[in-house]
Peer 1: 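Have a look at the structure that comes next, please.
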Amino acid sequence: MISDESIHYHTLWYNPFNAASLEPRLTMTTQQPLIAELHATARDAQAQIAAAHDTGALEAWRVEFLGRRGRLSQAMQKLGGLSPEERRAAGAEANRIKGLLEELYAAGQRALQEQEAARKQAADRLDVTLPGRPIALGRLHPITQTVRDICAAFTSMGFDVAEGPEVEWERYNFDMLNIPRDHPARDMWDTLWIDWADPTEEGRRMLLRTHTSPMQARIMEKAKPPIRVIVPGKVFRHEATDARHEWHFYQVEGLAVGKGITFADLKGTLYEFARRIFGPDRRVRFRCDYFPFVEPGVDMSIDCFLCKGEGCRLCGDGWIEIMGAGMVHPNVFKAVGYDPEEYTGFAFGMGPERIAMLKHGIDDIRHFYANDVRFLRQF
Ligand code: FA5
């Protein structure tokens, strides 16, 4: 806020009648009564304007000294009663005083304008000492964190990371993986088809990929062994949901191809992966399973965190399946132009949601995509 002192200061600063400027300008003072009256008017004007702290007071000052019936006017009316010589001298002095009073009035106006501007500035002032509003920091979704952990476990074992399309051709999702059209194994994946087929090529139908395995064919089609790669990505199935099943979820595919790769390499790699993700105390189970693109095929399960392997509503038999795996089928090698006599390899496909459930003790997969921040904030 601007103080009274500073108004006073401003007024004086512009005041042509201040101590420095007033005296020399009144050196023409004579004993002529009208001139004496004019000088008294000027002194009073100067003294009173310092107290004009608002527009009302300044206007009152103007009316009193410069108004039509003000003191200067009244003094000037007396000029008519003077002799011509006295009138000339007093008239000149009256005009000079008038000029000085007008300057004084203008200075007062400027002072009030500055006061108003300063008041506005003070009112609008930004208080930089107030603490700022905290920026709400987001965090990675638990599944993103899990996918990254899985990728880190495999990259540290020498695997590369690749990604592929979520909208896929039937050829890569099924045909090249040893699942021809009308093969009953297609029923293993309830498929969401895209209502579009390539009219130039018979059988080129589109779908939302049901697993990340089509990337096995895409990668082998382009690259030559040795291959060691993992493929994280989203997959989609036309499936009813329950505590362990979503209709859209992530998978991380793995593929290793080279000369002399055996089932022992597959087991060793996956044991090491389980040790890195779950620690050494978790139990791992391999069971024979069927996938058309591997031979032999297995699934890998981890003991259930909820019932500690006893069997419960979440797991059923005490184990939660986290991935399918096996040795790459010779027909898949043939489909991509590899000689199955020369190369062998293993492949696996795991579900990060299931892994996150096991790691964090989450009893329903649907929590991950319900997007309830109270749930998500815990990770
Ligand atoms: C496959 O999708 C095969 N492509 C995996 C594979 C790759 C086998 C390479 C052999 C060689 P499966 O349908 O079992 O397999 O799915 C693999 C994993 O995905 C499961 O073990 C499970 O962890 C996860 N998964 C499967 N269905 C769902 C679902 N509806 N919701 C959440 N996770 C699922």
Side-chain angles (χ1 to χ4, degrees), residues 142-143 146-147 150 154 159 164 168 172-174 176-179 185-192 207-220 227 229-257 261 263 265-267 269-270 273-274 277-278 284-302 304 314-316 319-329 331-333 344-359 362-369:
I143 297 305
T146 308
V147 169
I150 294 168
F154 283 105
F159 283 74
E168 186 55 283
Y172 289 108
N173 198 81
F174 291 127
M176 291 180 78
L177 296 177
N178 198 29
I179 319 170
R186 285 205 181 186
D187 295 344
M188 290 168 71
W189 294 277
D190 293 312
T191 308
L192 289 158
L207 44 78
L208 294 182
R209 67 179 175 190
T210 57
H211 51 175
T212 41
S213 298
M215 280 301 286
Q216 289 186 33
R218 282 184 178 274
I219 288 165
M220 286 192 278
I227 293 171
V229 67
I230 51 163
V231 184
K234 201 93 197 252
V235 304
F236 309 85
R237 293 186 190 175
H238 188 244
E239 221 171 76
T241 62
D242 63 25
R244 275 178 307 153
H245 294 87
E246 260 292 1
W247 69 271
H248 62 106
F249 54 98
Y250 274 84
Q251 283 194 339
V252 178
E253 192 79 9
L255 177 69
V257 182
I261 291 182
F263 196 80
D265 296 313
L266 163 63
K267 279 187 93 174
T269 306
L270 294 182
F273 157 74
I277 293 290
F278 298 109
V284 175
R285 180 185 76 178
F286 283 103
R287 268 193 327 186
C288 287
D289 203 349
Y290 170 68
F291 299 97
F293 32 92
V294 288
E295 179 59 36
V298 291
D299 68 43
M300 178 174 157
S301 302
I302 304 286
C304 175
L314 175 65
C315 62
W319 297 91
I320 294 183
E321 180 201 312
I322 60 162
M323 71 171 98
M327 300 304 289
V328 179
H329 198 288
N331 286 351
V332 176
F333 281 148
T344 54
F346 64 81
F348 54 86
M350 68 182 75
E353 284 83 357
R354 300 263 179 94
I355 290 167
M357 290 170 78
L358 284 161
K359 269 192 86 166
I362 294 158
D363 62 0
D364 197 317
I365 195 171
R366 289 166 293 196
H367 287 312
F368 289 121
Y369 300 112

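All ligand and atom numbering here is 1-based and tracks the order in the structure.
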Peer 1: Would you please name every residue forming a side chain to side chain donor-acceptor pair (under 3.5 Å) with Lys267, sequence neighbours left out?
Peer 2: none
Peer 1: Using the ring centroid of each side chain, check whether Trp247 and His238 are separated by less than 6.0 Å.
Peer 2: no
Peer 1: Decide if the gap between the ring center of Phe263 and the ring center of Phe346 is smaller than 6.0 angstrom.
Peer 2: no
Peer 1: For Glu295, give me all partners under side-chain contact (heavy atoms from CB on, under 4.5 Å), at least two apart in sequence or on another chain.
Peer 2: His329
Peer 1: Can we say Arg209 and Glu253 salt-bridge, meaning some charged N sits less than 4.0 Å from an Asp/Glu carboxylate O?
Peer 2: no
Peer 1: Taking side-chain contact (heavy atoms from CB on, under 4.5 Å) as the definition, give me every residue that meets it alongside Arg285, ordered by chain and number, with sequence neighbours left out.
Peer 2: Arg287, Ser301, Asp317, Trp319
Peer 1: Near ligand 1, which protein residues have a heavy atom under 4.0 Å away?
Peer 2: Trp189, His211, Ser213, Gln216, Arg237, Glu239, Arg244, His245, Glu246, Phe249, Gln251, Glu253, Phe291, Phe293, Val294, Glu321, Ile322, Met323, Gly324, Ala325, Ala347, Phe348, Gly349, Gly351, Arg354, Ile365
